[in-house]
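Structure record follows, encoded as structure tokens.
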Amino acid sequence: MRYSKLFSPTLRDTPADAEVVSHQLLLRAGFIRRVTSGVYDYLPLGLRVLRNIENIVREEMNRAGAQELLMPMVQPSEFWQKSERWDKYGPELLRFKDRHGHESCLGPTHEEVICDLVSRELKSYKQLPMNLYQVQNKFRDEIRPRFGLMRGREFVMKDAYSFHANAECLAKEYQNMFDAYHCIFNRLGLKFRAVEADNGSIGGSASHEFHVLAESGEDLITHCSACDYAANVEKALSTPVEHTAEDSVLNEVSTPHKSAVEDVAAFLKVEPSSLLKTLVYVAIGGENDGQIVAACVRGNDNVQEIKLARTIGADEVALASVEQLLAIGTVTGFAGPTQLDCPIYMDQSLQHAVGLIAGANKKDIHITGLNISRDVPDAIFADLRETQVGDTCGKCGKGHMEMSRGIEVGHIFELGTVYAKPMEVLFQNEQGKRDVATMGCYGIGVSRLMAAVVEQCNDDYGIMWPVNLAPFKISVITLGKSETAFAASEKIYNELLDAGVDVVWDDRKESPGVKFKDAELTGIPLRIVVGDRGLDNNALEIKTRWGGKEEATPEAVCQKALDMLQSLQQENN
RNA sequence: CGGGGCGUAGCGCAGCCUGGUAGCGCAUCUGGUUUGGGACCAGAGGGUCGGGUGUUCGAAUCACCCCGCCCCGACCA
């Protein structure tokens, strides 16, 4: 490709509305442009990278034995009614009617469609197991799209669905996908971590998320310093540092206008860990929709709302309103577990706690000397607190937990029969009886990966694509306007084209600085500089995007560059 | 949807408080000079000042409504 013909509009200034580096650089380097909220154009360079990512994903999925197909973006409401998600899925599902008044939606995921397809064709256990995948655009009407490709409404996803005769077979495929995902993210040159995850609304049993480690990540993930345990904090198991206190009698103390944990602790001259934090929640969705519950953790801990929701059988929870607090006999800022008219859930670490300070359910008053087993006999104990740095690992009991931020780029689930059953994905088993297929599903956010890679691979000059992903591998930069430099460049360019490399020739009538800056901004791994000076010295410069520098004669420069490319590729993997 | 911020040329911004007929840098176009790190000179084009309504002799500027964007929260690949 000649740069003079390339549609690659780069920007000098960072667009003001882009917050994270990946968004800024992808815009500046001319890889993407925004169409509307959470919806983007992929320009030629961006599409090249996207395709490179897709192809690595394809190769590894194929190698793992999955088969590619392609399902539609538009899906009929009937499928969703059958799976009972038409009502459950919520406003993220973009629904519309066609000219006949027929209700449809844009696919946010494809369990329904694949189940419908497979249910029609699946007859016998002999056809199983089977793993089908696609790389396709999804649409989710996200509440708040942000960070460019990181959280779009329309995005490219690889979604795979496996079907099995039984749970053991599913477990095997789950492991197979787990391993394939490791291969994929390694080939993409990413620092990542697989963590145990909450299944969320998708349902099913086992589940892992794959996170690219980055400060800008939206998720908090935690891992053990000693064993291989790693989990999303939404789900992580750990035990807090022990707290000891003297047992004593209950006593009321006046704490005027002090309701925040820090304020109360400072006012009473104690550590926040001596306090009991009581938060009142309302269940949303699930069998106990609308139920009000109290959740208690130590003052220095936080309630992990997802854990609470799972514990009480709700889809999610929300903090109760002032009116709801009054209804159960307490007031804002001074809630405590005694004499509350609702079920009281307590973090399991509090089972034997004594000498705590808690709200008295009266304005401006706290109680001291709270003994949980004595004073809150009806408490229900469960894992409710959010894991903190330094907690003891809930798995090995030896290491302590460390925290990092992650971008979720993959998620795999053992679904079991949650979709196959309502969608009637049935087959005849070995005994000749009708059976429900057991399913797994495996997602990778392909377009999000593009952003995640940039988050990890950039410097002050721009993007530094891993060789595997780079839109072009080599940039031939012509300097000056001499006929000889131009002719020499063209020769090198053609030689590289013949060698089958993705090469771009910067033949523009621009000053050297502009060409260098653009090559760096767009992250081309290797550049060959062809100028009169180099030609006169019979030594052309080859420079890597990571600072490496070599020289070669005009005759040898192509081979040299190809060799360098190869060794860069190996470093990558 | 709740809270905060913003909307003036392709990009980055000033002007608004105190109303007077729209400006700067970069980019773009023409001509010329230049070419190993975002060149220089001369000239040129490009704006419903997000939209509407109102106040006013007069609105980018003041008021009200709407729309859009960004950040924090709930969602998730």
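Sequence lines set the chain letters: A, B, ... in the order given, protein chains first and strands last, and positions in each chain run from 1.
For Asp13(A), the side-chain atoms get nearest to G25(B) when compared with the rest of C70(B), C1(B), G25(B).
Residue Phe210(A) is classed as having no contact, given no heavy-atom separation below 4.0 Å to the nucleic acid. Within the 4.0 angstrom heavy-atom criterion, base atoms lie near Asp219(A). Using a 4.0 Å heavy-atom criterion, one finds that Glu541(A) contacts the bases of the nucleic acid, with or without backbone contacts as well.
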**Message:** What does the B/S/- profile of nucleotides 27-32 of chain B look like, 5' to 3', with a 4.0 Å heavy-atom cutoff to protein?
**Reply:** S-----
**Request:** Could you run through nucleotides 2-8 of chain B and give me one letter per nucleotide, 5' to 3': B if any protein heavy atom sits under 4.0 Å from the base, S if only the sugar-phosphate is that close, - if neither?
**Result:** -------
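Between His23(A) atom NE2 and C69(B) atom C1' there is a gap of 11 Å when expressed in whole angstrom units.
A heavy atom lying under 4.0 Å from RNA chain B marks the following residues of residues 476-484 of chain A, by number: Leu479(A), Gly480(A), Lys481(A). For the contact set between residues 54-61 of chain A and RNA chain B, defined by any heavy atom under 4.0 Å, there are no members. Near RNA chain B, meaning a heavy atom under 4.0 Å from it, residues 513-525 of chain A has Gly513(A), Val514(A), Phe516(A), Lys517(A), Asp518(A), Glu520(A) in order of number.
Evaluation of the ring-ring contact (aromatic ring centres under 6.0 Å, His included) rule for Phe163(A) yields no partner, not counting sequence neighbours.
Cation-pi geometry between Arg95(A) and Trp86(A) is met: the NZ or CZ atom falls under 6.0 Å from the ring centre, inside 45° of the normal.
For Arg34(A) and Asp41(A), the salt-bridge test fails: no basic side-chain N is under 4.0 Å from an acidic carboxylate O. Salt-bridge annotation for Arg58(A) and Glu54(A): present, with a side-chain N of the basic residue lying under 4.0 Å from a carboxylate O of the acidic one.
Only the C1' atoms considered, A77(B) is 34 Å distant from C66(B), to the nearest whole Å. Between A60(B) and G51(B), the two C1' atoms lie 14 Å apart (nearest whole Å).
Heavy-atom neighbours of Glu92(A) CD from other residues, nucleotides or ligands within 6.0 Å: above the threshold of 12.
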